Amino acid sequence: MALTVTEIRGPIGIVTLDNPARRNALGKQLVGEVIAALKDFSERKLRVAILRAAAGSKVFSAGHDVDELPEGGREPLGWDDPLRHLIREIENFPAPVIAMLEGGVWGGACETVLACDLIVAAPEVTFAVTPARLGVPYNVSGMLTFLNATTPHIVREMAFTAKPMSAPRAEHLGMINYVIPKDELEAFTMSLASGIADNAPLSIAVMKEQLRILAGAKPMSPQGFERIQGLRRVVYDSRDYVEGIRAFKEKRKPVFRGE
Ligand code: YXS
């Protein structure tokens with residue numbers, strides 16, 4: 001059974017996340033369908049892609065599918081993790097990707113949305129960066145996505161508190177482009193997309209790629225990278241990591257002991 005719905009309206013492609021039973025968790029199948037849709041849009045040379053959840057969704061996406069996370073002792077967000085593939089596909093898609101949001105945006109879905117080129121959200125939308133809720137050591141490129149979307153203080157606040165941030169506050173901080181009433185959201189987003197689609201696609205594609213390369217051009221020494229990977233291993237080898245995943249699955253509050 002498909003977990004997404006794909007639609008093409010002229011030069012605009014729309015991918016709708018449609019797995020409400022698991023709150024659109026970013027599992028291997030759902031991510032694979034989104035990536036396949038983006039590849040199809042690229043082959044058709046569509047000029048804008050829109051990523052959304054089904055109309056009226058209370059949750060845009062609950063983030064990484066926790067059941068697909070390792071239970072410890074292994075890198076949880078490695079290069080080949082579906083979430084990492086999704087982020088790269090959005091960043092490498094040769095045209096703007098617009099996130100059109102209704103409902104809560106959680107964990108890896110926050111990074112997915114912030115990797116999009118423009119973000120339009122209904123006022124009720126919230127954004128929660130959740131590694132600390134689960135004991136997960138987020139990965140380096142993921143943290144860079146957050147750092148490129150806002151200031152270090154705001155990244156720290158979101159990462160350390162794991163509390164949802166409202167769409168109006170996110171807009172005030174410049175993290176998202178527009179907050180639009182739910183009943184106007186689709187018309188507004190389609191109008192935004194159509195305006196972009198009327199502009200020069202080659203110019204837009206090269207500016208998007210320039211911005212991607214410049215955003216990733218952060219110096220990090222090999223020693224610095226190795227130190228981070230060593231620290232992350234301590235976390236995903238920890239009892240806290242196992243406790244975080246287990247508590248989620250057992251639907252109880254985790255008890256973290258810092259070991
Ligand atoms: O009990 P059933 O079988 O009906 O399944 C429940 C949930 O277990 C399931 N579900 C998920 N399954 C896998 N991965 C998930 N991330 C996930 N989230 C939910 O969906 C069914 C309905 O969930 P329920 O009853 O909680 O729905 P709700 O409407 O009461 O609450 C919606 C949420 C989103 C507020 C709630 O489901 C929630 O807090 N989900 C987890 C949000 C979260 O912490 N996401 C982070 C995932 S890990 C990740 O993204 C990164 C690795 S990291 O953490 O590092 O950022």
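Note that ligands are numbered from 1 as they come in the structure, with each ligand's atoms numbered from 1 the same way. Computed from a predicted structure; not experimentally measured.
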Worksheet, complete the sentence: Looking only at protein heavy atoms, what sits closest to atom 8 (O) of ligand 1 is K251 NZ, 3.3 Å

Item to complete: Among all protein heavy atoms, pick out the one at the shortest distance from atom 11 (C) of ligand 1; state its residue, atom name and that distance to 0.1 Å.
Response: F248 CZ, 3.9 Å

Item to complete: Going by heavy-atom distance to atom 45 (N) of ligand 1, choose the closest among G107, G63, A62.
Response: A62

Worksheet item: Heavy-atom contact under 4.0 Å between K58 and ligand 1?
Response: no

Worksheet entry | Pairing residues for H172 by the side chain to side chain contact (heavy atoms under 4.5 Å, CB included) criterion, not counting sequence neighbours | none

Item to complete: Return yes if a side-chain donor-acceptor contact under 3.5 Å exists between Y241 and E71, otherwise no.
Response: no

Worksheet item: To the nearest 0.1 Å, how far is atom 34 (C) of ligand 1 from its closest protein heavy atom, and which atom is that?
Response: W106 NE1, 3.6 Å

Worksheet item: Is R84 paired with E75 through a side-chain N to carboxylate O contact shorter than 4.0 Å?
Response: no

Worksheet item: Between the side chains of S141 and N139, does any donor sit under 3.5 Å from an acceptor?
Response: yes

Worksheet item: Is at least one protein non-hydrogen atom found at under 4.0 angstrom from atom 30 (O) of ligand 1?
Response: no

Worksheet item: Quick one: which ligand 1 atoms are inside 4.0 Å of a heavy atom on V136?
Response: 55 (O)

Worksheet, complete the sentence: For atom 51 (C) of ligand 1, the closest protein heavy atom turns out to be H64 CB, 3.9 Å

Discussion item. Just to verify, what does F225 make a ring-ring contact (aromatic ring centres under 6.0 Å, His included) with, not counting sequence neighbours?
Written reply: none

Worksheet item: Among L134, I245, V105, which one has a heavy atom closest to atom 48 (S) of ligand 1?
Response: L134

Discussion item. Students often mix this up, so state it plainly: with edges at 30° and 60°, are the rings of F93 and F41 parallel, tilted or perpendicular?
Written reply: perpendicular

Worksheet, complete the sentence: for atom 4 (O) of ligand 1, nearest protein heavy atom and its distance come out as A21 O, 4.6 Å

Practice prompt. For atom 39 (O) of ligand 1, grab the closest protein heavy atom and report residue, atom and distance to one decimal in Å.
Written response: R133 NH2, 3.0 Å

Worksheet entry | Which residue and heavy atom of the protein sit nearest atom 14 (N) of ligand 1, plus the separation | V66 N, 2.9 Å

Worksheet item: Any Lys/Arg nitrogen of R52 or E102 sitting under 4.0 Å from an Asp/Glu carboxylate oxygen of the other?
Response: yes

Worksheet item: Is D240 salt-bridged to R257, cutoff N-O under 4.0 Å?
Response: no

Fill in: Any protein heavy atom nearer than 4.0 Å to atom 36 (C) of ligand 1
no

Worksheet item: Do Y138 and ligand 1 have an N or O pair less than 3.5 Å apart?
Response: no

Fill in: Location of contacts on T130 toward ligand 1, heavy atoms closer than 4.0 Å
both

Worksheet item: Can you tell me which residue and heavy atom of the protein come closest to atom 25 (O) of ligand 1, and the distance to 0.1 Å?
Response: R23 NH2, 4.4 Å

Worksheet item: Is it true that E243 and R252 make a salt bridge, defined as a side-chain N closer than 4.0 Å to a carboxylate O?
Response: yes

Item to complete: Answer with yes or no whether the side chains of N92 and R212 bring together a donor and an acceptor at under 3.5 Å.
Response: yes

